[in-house]
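A short write-up of the structure that comes next.
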Amino acid sequence: MTAISHSLRSSCGRLKDHNISCTRLTSTLSSLVTTNPKPFNSPKPHHHQNQTKPIIPYTQTLKDSLLSLIKSCTHKSHLLQIHAHILQTSLILDSSICFHFLSLVSLSPPFQNLTYSRQFLFQIPKPKAIHYNTVIRAYSISDSPQEGIHLYLDLRRRGLGGNAFSSSFVMRCCVRAKYLLGGIQVQARIVRDGQQSDSRLLTTLMDLYSICGEFDDACKVFDEILHRDTVAWNVLISCFLHNSRSRDALGLFDIMRSESYRCEPDDVTCLLMLQACASLNALEFGERVHRYIEEHGYIGASNLCNALITMYSRCGCLDQAYEVFKGMRGRNVVSWSAIISGLAVNGHGRDAVEAFCEMQRMGVLPDEQTFTGVLSACSHCGLVDEAMDIFDCMSKEFGVVPNVHHYGCLVDLLGRAGRLDQAYQLIMSMDMKPDSKIWRTLLGACKIHNYETLGERAVDHLIELKALEAGDYVLLMNIYSSAENWEKLAELRKFMKEKAIQTTPGCSTVILHGTVHEFLVDDVSHPRKDEIYRMLDEINSQLKIAGYVADVSSELHKLGTEEKGYALSYHSEKLAIAFGVLATPPGTTIRVAKNLRTCVDCHNFARILSGVYNRTVIVRDRSRFHHFRDGHCSCHGYW
Ligand SMILES: [Zn+2]
Ligand SMILES: [Zn+2]
């Protein structure tokens with residue numbers, strides 16, 4: 001006898017006045033199970049299946065016994081027996097039994113089967129909103145959220161009302177399906193049903209607008225929320241992050257805690273803040289979040305530690321990243337990948353490869369992300385042979401199929417190492433279609449090594465992919481400029497002017513006491529501009545004494561050498577560094593973040609300045625870090 005039959009039998013035994021004998025009950029269960037052995041595969045749910053069958057009446061006590069059986073069910077066969085039993089008795093009319101059974105098959109991991117729960121829902125003769133809600137909720141966290149939206153429509157069509165929970169769950173389905181129109185329709189219904197004050201519902205709506213890129217609408221919904229809890233703030237913060245407003249997102253950390261709102265950030269808030277700090281190079285702020293994490297006991301969470309490792313590495317503070325890594329109790333593959341990528345971006349290629357070997361010794365298997373990290377480490381340091389070996393063993397030893405990012409790292413590596421023909425051959429041999437990033441990488445390498453023809457070919461591929469960006473024209477212009485091909489340069493410039501192609505202006509930022517100071521080329525908008533320009537002139541004359549000569553190869557205009565030198569002297573990173581020298585005490589590290597690749601001349605400038613002024617200068621450009629100390633750069637001129 002099965003455990004469930006046994007349990008039901010003993011329940012029956014206790015009910016002397018029960019009108020079904022134990023034998024009949026167990027035999028009913030058995031016969032139902034044998035005649036209908038696979039309800040999981042039954043394709044046709046039926047709303048009124050039970051009307052044609054005799055319904056066995058039930059009492060409250062036996063109902064309670066069945067409820068506890070549902071709650072303690074551990075085997076699939078028991079589940080099927082319970083299902084059969086519910087169908088055969090009056091219990092299919094019992095809202096509570098149906099709800100608990102649905103919860104079990106919709107939301108409990110071992111039994112979770114959404115097709116099955118949907119079938120059961122349709123077997124309930126008079127379903128209520130609560131039953132629909134259970135299944136819609138399950139769909140809202142599944143891979144087929146659109147099914148939840150269909151169920152919601154069915155709920156409304158059948159006139160079963162639906163409540164704030166129905167709206168909330170279907171809204172989550174819309175978020176997961178990124179179905180903005182559906183969300184707007186639900187919103188209209190929310191307004192009609194007078195549910196505006198439900199904060200959770202509005203928070204989900206805000207999330208939907210945010211995910212679908214409707215930033216302003218998301219903010220409007222936030223304004224409408226009366227009781228803004230931490231979840232609402234977190235959604236607002238991620239909305240800012242998704243819409244390239246990381247700096248404003250940072251500001252929300254203090255605003256939410258202010259007297260006016262008194263809302264405490266939680267672990268999710270900290271995670272979002274660390275992401276913002278990493279992208280903004282906002283070290284001071286990141287350190288504040290780190291302290292907050294420690295003070296509030298979140299430091300044990302591995303996702304926060306991984307985010308801290310990434311934040312510190314992306315702010316150029318490898319020592320602190322490593323401290324966090326060392327202090328972690330359970331280092332998973334994400335932690336290893338984070339530290340490997342951190343070493344990579346800061347130019348410690350050999351250490352990254354060593355960490356890659358170490359993680360394997362510790363029994364942690366590398367994943368796609370780890371390989372991207374270690375291959376990019378090799379590419380930043382010119383470790384061609386090591387990268388080739390690692391690339392080789394990826395699929396053979398670890399079953400990781402190289403993706404477009406891995407190929408991108410190799411193209412970058414070969415390109416930087418001057419093996420451009422090999423890089424081109426690698427691209428042509430790829431199993432997948434090369435994306436624009438790969439062609440752009442090759443174009444960048446053509447710029448470094450002055451490969452005019454191959455550069456033009458890369459541009460052709462970018463045109464074919466309809467992916468040519470303003471920055472690519474600049475690279476091509478640089479190639480023409482280095483080759484002193486003024487004719488083609490003028491032609492390209494004319495073409496860009498005709499097509500009104502706007503290039504992204506170079507922009508460098510320095511964060512001082514929490515304030516972001518932003519500089520563009522020839523910028524005169526800073527309140528201390530006079531002092532900054534005076535300082536820059538002084539630095540220039542000091543550096544010239546130390547042997548600095550402007551490298552004019554990056555300047556695109558056809559000017560005389562002296563004029564070119566003048567044009568280069570006000571590049572954004574130079575203004576930012578001059579401001580750093582001016583505004584911080586001697587010896588303080590100057591940290592600059594640049595949105596584009598730094599030019600050769602600015603690189604020389606920072607390198608020599610670090611020796612002459614005895615300052616560590618850390619520049620993060622679009623692809624990596626340069627740590628300038630004592631007249632040297634961590635990249636050893638390889639970038
Ligand atoms: Zn420059
Ligand atoms: Zn460098």
Side-chain angles (χ1 to χ4, degrees), residues 137 140-141 145 164-165 167-178 180 183 186-187 190 195-280 282 285-311 314 334 514:
R137 180 183 168 197
S140 78
I141 46 174
F165 286 109
S167 315
S168 173
F169 295 142
V170 73
M171 194 66 93
R172 279 192 228 164
C173 288
C174 294
V175 171
R176 210 166 164 90
K178 294 188 180 171
L180 184 59
V186 176
Q187 186 198 10
I190 291 167
Q195 292 169 358
Q196 292 96 321
S197 58
D198 188 315
S199 306
R200 281 295 160 109
L201 196 55
L202 288 173
T203 303
T204 319
L205 177 65
M206 182 171 69
D207 201 8
L208 178 64
Y209 275 121
S210 163
I211 274 178
C212 296
E214 302 293 332
F215 178 76
D216 293 338
D217 286 326
C219 293
K220 268 186 221 155
V221 178
F222 182 77
D223 289 339
E224 283 171 27
I225 300 175
L226 287 179
H227 304 288
R228 294 163 194 150
D229 59 4
T230 306
V231 178
W233 283 97
N234 289 347
V235 173
L236 185 71
I237 293 166
S238 63
C239 179
F240 274 74
L241 288 181
H242 286 145
N243 288 278
S244 313
R245 298 198 34 187
S246 303
R247 204 176 309 154
D248 297 326
L250 280 192
L252 295 177
F253 189 72
D254 288 325
I255 296 174
M256 70 187 279
R257 295 166 75 194
S258 67
E259 275 299 306
S260 322
Y261 300 106
R262 293 166 186 252
C263 196
E264 270 302 297
D266 63 5
D267 52 339
V268 178
T269 323
C270 294
L271 205 62
L272 295 168
M273 284 300 145
L274 291 175
Q275 278 175 22
C277 293
S279 75
L280 286 171
F285 207 104
E287 286 172 328
R288 256 185 74 197
V289 178
H290 190 173
R291 281 194 295 276
Y292 185 92
I293 288 171
E294 284 179 331
E295 283 161 17
H296 289 76
Y298 294 134
I299 198 68
S302 62
N303 59 347
L304 279 178
C305 288
N306 296 339
L308 280 168
I309 296 171
T310 302
M311 183 276 291
R314 303 258 301 142
V334 183

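For Arg137, there are no side-chain hydrogen bond (donor to acceptor under 3.5 Å, both in side chains) partners at least two apart in sequence or on another chain. In this structure Thr269 satisfies the side-chain hydrogen bond (donor to acceptor under 3.5 Å, both in side chains) test together with Asn234, Asp266, sequence neighbours excluded. Qualifying side-chain hydrogen bond (donor to acceptor under 3.5 Å, both in side chains) partners for Gln187, counting only residues two or more places apart in sequence or in other chains: Tyr209. Here Glu259 pairs with Arg262 under the side chain to side chain contact (heavy atoms under 4.5 Å, CB included) rule; sequence neighbours left out. Applying the side chain to side chain contact (heavy atoms under 4.5 Å, CB included) test to Arg314 and every residue at least two apart in sequence or in another chain returns Ala278, Thr310, Arg620. In terms of the ring-ring contact (aromatic ring centres under 6.0 Å, His included) criterion, His242 has no residue partners (sequence neighbours excluded). Under the side-chain hydrogen bond (donor to acceptor under 3.5 Å, both in side chains) criterion, Arg247 pairs with Glu518, sequence neighbours left out. Annotation: side chain to side chain contact (heavy atoms under 4.5 Å, CB included) contacts of Glu287 (sequence neighbours excluded): Leu283, Arg291, Tyr312, Gln320. In terms of the ring-ring contact (aromatic ring centres under 6.0 Å, His included) criterion, residue partners of Phe253 (sequence neighbours excluded) are, by chain and number, Phe285, Tyr292.
Note: Arg245 CZ to Leu252 CG = 9.0 Å, rounded to the nearest 0.5 Å. Interatomic distance, Leu308 CG to Leu274 CG, rounded to the nearest 0.5 Å: 5.0 Å. Expressed to the nearest 0.5 Å, how far SG of Cys277 lies from NE2 of His290 amounts to 12.0 Å. Note that the CD1 atom of Ile299 and the CD atom of Glu294 stand 5.0 Å from one another [nearest 0.5 Å]. With rounding to the nearest 0.5 angstrom, the SG atom of Cys173 is 11.5 Å from the CG atom of Leu208. Taken to the nearest 0.5 Å, the OG atom of Ser199 stands 9.5 Å off from the CZ atom of Arg228.
Listed by first and then second residue, the salt bridge (charged side-chain N to carboxylate O under 4.0 Å, His left out) pairs involving residues 230-244 amount to none (not counting sequence neighbours). Counting only residues at least two apart or in different chains, salt bridge (charged side-chain N to carboxylate O under 4.0 Å, His left out) contacts with residues 202-219 comprise Asp217-Lys220. Applying the ring-ring contact (aromatic ring centres under 6.0 Å, His included) test to pairs two or more places apart or on separate chains, those with a residue in residues 259-278 are Trp233-Tyr261.
Side-chain contact between Leu236 and Cys219: present, with at least one pair of heavy atoms (C-beta onward) separated by less than 4.5 Å. Residues Asp254 and Arg288 meet the side-chain proximity criterion, which asks for heavy atoms closer than 4.5 Å. Annotation: side chain of Arg200 is in contact with side chain of Asp229 (closest heavy-atom distance under 4.5 Å). Looking only at side-chain heavy atoms (C-beta outward), Val170 and Ser140 stay at 4.5 Å or farther from each other. In this structure, the side chains of Arg257 and Pro265 come closer than 4.5 Å at one or more pairs of heavy atoms.
Within the 3.5 Å criterion, the main-chain N or O of Ser168 finds no donor-acceptor partner in the side chain of Thr204.
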- Message: Between Glu264 and His296, does the side chain to side chain contact (heavy atoms under 4.5 Å, CB included) criterion hold? Intermediate values first, please.
- Response: CA-CA 10 Å; Glu264 270 302 297; His296 289 76; 3.4 Å; yes

- Val334 vs Ser302, side chain to side chain contact (heavy atoms under 4.5 Å, CB included): CA-CA, chis, key distance, verdict: CA-CA 9 Å; Val334 183; Ser302 62; over 6 Å; no

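When all heavy atoms of Leu241 and Ser246 are compared, the pair lying nearest together is CD2-OG, 3.8 Å. Residues Ser210 and Asn243 approach most closely at O-ND2, 4.4 Å, considering heavy atoms. Of all the heavy atoms in Leu271 and Ala307, the pair that sits closest is CD1-CB, 3.7 Å. Smallest separation of non-hydrogen atoms from Leu205 and Gly183: CD1-O, 4.2 Å.
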